[in-house]
Number of protein chains: 2
Amino acid sequence: MDSTGNSFTGSYTYTLDAKGRINIPAKMRKALDPASDATFVATRGNDACITLYPATVWKQVEVKLLALDKGKPAIRHYIRNIVRHAEALQYDGQGRVPLPAGLIEYASITKSAEIVGMIDRIEIWNPESLKALETRLTDDSEALENIANEIDI
Amino acid sequence: MDSTGNSFTGSYTYTLDAKGRINIPAKMRKALDPASDATFVATRGNDACITLYPATVWKQVEVKLLALDKGKPAIRHYIRNIVRHAEALQYDGQGRVPLPAGLIEYASITKSAEIVGMIDRIEIWNPESLKALETRLTDDSEALENIANEIDI
DNA sequence: TAGGTTCGTGGGTAGAAGTGGGTAATTATC
DNA sequence: GATAATTACCCACTTCTACCCACGAACCTA
């Protein structure tokens with residue numbers, strides 16, 4: 001049934017409406033594991049973007065975080081800074097999720113947003129930010145080639 | 001129903017009213033295990049905050065504390081400092097809990113308070129204290145990177 | 001190409017959520 | 001035992017949000 005095999009691919013430019021909602025591309029909704037119950041967990045990405053994990057994938061992240069030694073202050077800080085910005089979002093009948101204001105600000109998104117598939121997760125970018133990062137990293141073509149050689153696709 | 005699957009996430013800035021009550025965010029109330037019977041156990045956090053454990057989780061904390069070697073003075077001290085400030089709080093019809101004055105003082109909370117999800121527990125902070133700790137620990141980015149590499153989210 | 005269906009986007013509305021305050025019951029104090 | 005202080009419970013108001021309906025464009029199908 002799912003030709004994408006439950007992985008998120010492709011890139012779509014959608015608009016954030018006045019209420020801070022954004023549409024999850026239909027193909028990505030179809031690729032979402034039914035066990036996630038139409039729900040993603042949004043949080044800060046490692047780059048300047050919003051990351052959306054399927055609920056089931058996020059569960060695994062939580063398990064990893066809980067296993068850390070909370071006796072150490074640095075670890076508590078690490079957990080707090082991830083979980084603090086995380087919020088579960090279920091999309092409505094039209095396939096939209098309301099993005100928390102804090103995350104919109106973090107990713108500097110205004111009206112237009114680029115939704116990028118990342119296999120097991122989704123990233124939401126300010127199109128300009130993504131382009132800027134892209135050109136900056138593409139210049140470092142040597143590093144890319146090293147990775148390419150390593151995995152041999 | 002609750003998509004996060006009974007885990008506490010996100011961060012909310014709410015106000016402490018004149019009676020020392022604070023609202024538990026609706027999403028966190030929904031995430032609370034029904035077996036906890038609308039009850040949290042509040043006590044001093046490891047950091048300068050108030051920690052709220054769901055009643056069921058607190059039970060496990062007690063078990064762990066009991067297992068410690070009470071022959072050592074330092075351990076008795078540690079146990080005493082957690083347990084003596086612990087108080088069970090059930091939220092009212094409006095979803096609010098009365099915070100004990102001693103804990104409010106410990107966390108230096110006045111009017112505004114930041115409620116932070118920590119997966120299996122909740123922390124209540126003075127927003128300034130949290131920000132201060134954050135900038136201090138974020139500076140130690142090396143430690144954070146080590147953790148990040150270790151768990152690979 | 002024509003028609004039906006899905007998809008992206010906009011907006012309205014009922015109900016829920018956050019906040020403030022009042023009253024009765026309980027506890028403490030003298 | 002009477003009075004004062006505290007606590008628990010309820011009511012009320014404002015803001016926000018989840019849910020619903022709607023419309024045009026794009027896509028697919030026959």
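Proteins get letters first, then strands, A, B, ... in listed order; numbering begins at 1 in each.
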Value in whole Å for how far the [atom2] atom of [N] lies from [atom1] of [X]:
X: B:Leu99; N: C:dT19; atom1: CG; atom2: P; answer: 13 Å
X: B:Ile24; N: C:dT19; atom1: CD1; atom2: C1'; answer: 15 Å
X: B:Tyr91; N: C:dA17; atom1: OH; atom2: P; answer: 10 Å
X: A:Tyr12; N: D:dA25; atom1: OH; atom2: C1'; answer: 17 Å
X: B:Ile22; N: C:dG20; atom1: CD1; atom2: P; answer: 11 Å
X: B:Leu89; N: D:dC9; atom1: CG; atom2: P; answer: 13 Å

Checklist entry - Which residues satisfy the side-chain contact (heavy atoms from CB on, under 4.5 Å) test with A:Ala35, sequence neighbours excluded? => result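 Counting only residues at least two positions away or on another chain, A:Ala35 forms a side-chain contact (heavy atoms from CB on, under 4.5 Å) with A:Asp33, A:Thr56.
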Checklist entry - Does B:Thr43 use its side chain to pair, donor to acceptor, with the backbone of B:Ile82 at less than 3.5 Å? => result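 Yes; at least one donor-acceptor contact below 3.5 Å.
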Item to check | Residues which pass ring pair (Phe, Tyr, Trp, His ring centres under 6.0 Å) with A:Tyr78, listed by chain and number, not counting sequence neighbours | outcome: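 So A:Tyr78 forms no ring pair (Phe, Tyr, Trp, His ring centres under 6.0 Å) with any residue.
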I'd like to check the side-chain hydrogen bond (donor to acceptor under 3.5 Å, both in side chains) partners of [X]; sequence neighbours left out, ordered by chain and number.
X: B:Asp92; answer: none
X: A:Arg76; answer: B:Asp47
X: A:Asp17; answer: A:Arg21

Next on the checklist: If you take any heavy atom closer than 4.0 Å to DNA chain D, which residues from residues 106-122 of chain B end up in contact?
Outcome noted: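 None, since no heavy atom is under 4.0 Å.
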Item to check | Hydrophobic cluster identity match, B:Ile79 and B:Val61, side-chain contacts under 4.5 Å | outcome: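 They do share one cluster, since a chain of ILVMFWY contacts under 4.5 Å joins B:Ile79 to B:Val61.
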Checklist entry - NA contact type, A:Asp17, heavy-atom cut-off 4.0 Å: base, sugar-phosphate, or nothing? => result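 Sugar-phosphate contact only.
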Item to check | Contact state string [nucleotides 17-23 of chain D, B base, S sugar-phosphate only, - no protein heavy atom under 4.0 Å] | outcome: -BBBBB-
Next on the checklist: With a cut-off of less than 4.0 Å, is there a side-chain N or O of B:Arg29 near OP1 or OP2 of C:dG18?
Outcome noted: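 Answer yes for this pair, as a side-chain N or O of B:Arg29 is under 4.0 Å from OP1 or OP2.
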Item to check | Phosphate OP1/OP2 of C:dG20: any B:Thr15 side-chain N/O under 4.0 Å | outcome: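 For C:dG20, OP1 or OP2 has a side-chain N or O of B:Thr15 closer than 4.0 Å.
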Checklist entry - Please, which pairs that meet ring pair (Phe, Tyr, Trp, His ring centres under 6.0 Å) have at least one residue in residues 12-70 of chain B, sequence neighbours excluded? => result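 Applying ring pair (Phe, Tyr, Trp, His ring centres under 6.0 Å) to every pair that reaches into residues 12-70 of chain B, excluding sequence neighbours, yields B:Tyr53-B:Trp58.
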Checklist entry - What pairs of residues pass the salt bridge (Lys or Arg N to Asp or Glu O under 4.0 Å) test when at least one of them lies in residues 113-129 of chain B, not counting sequence neighbours? => result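 Passing the test, one end in residues 113-129 of chain B: A:Arg80-B:Glu123, A:Arg84-B:Glu114.
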Next on the checklist: Go nucleotide by nucleotide along DNA chain C from the 5' end; which of A:Pro25 and A:Ala18 gets its closest nucleotide reached first?
Outcome noted: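 Here A:Pro25 is the residue nearer the 5' end.
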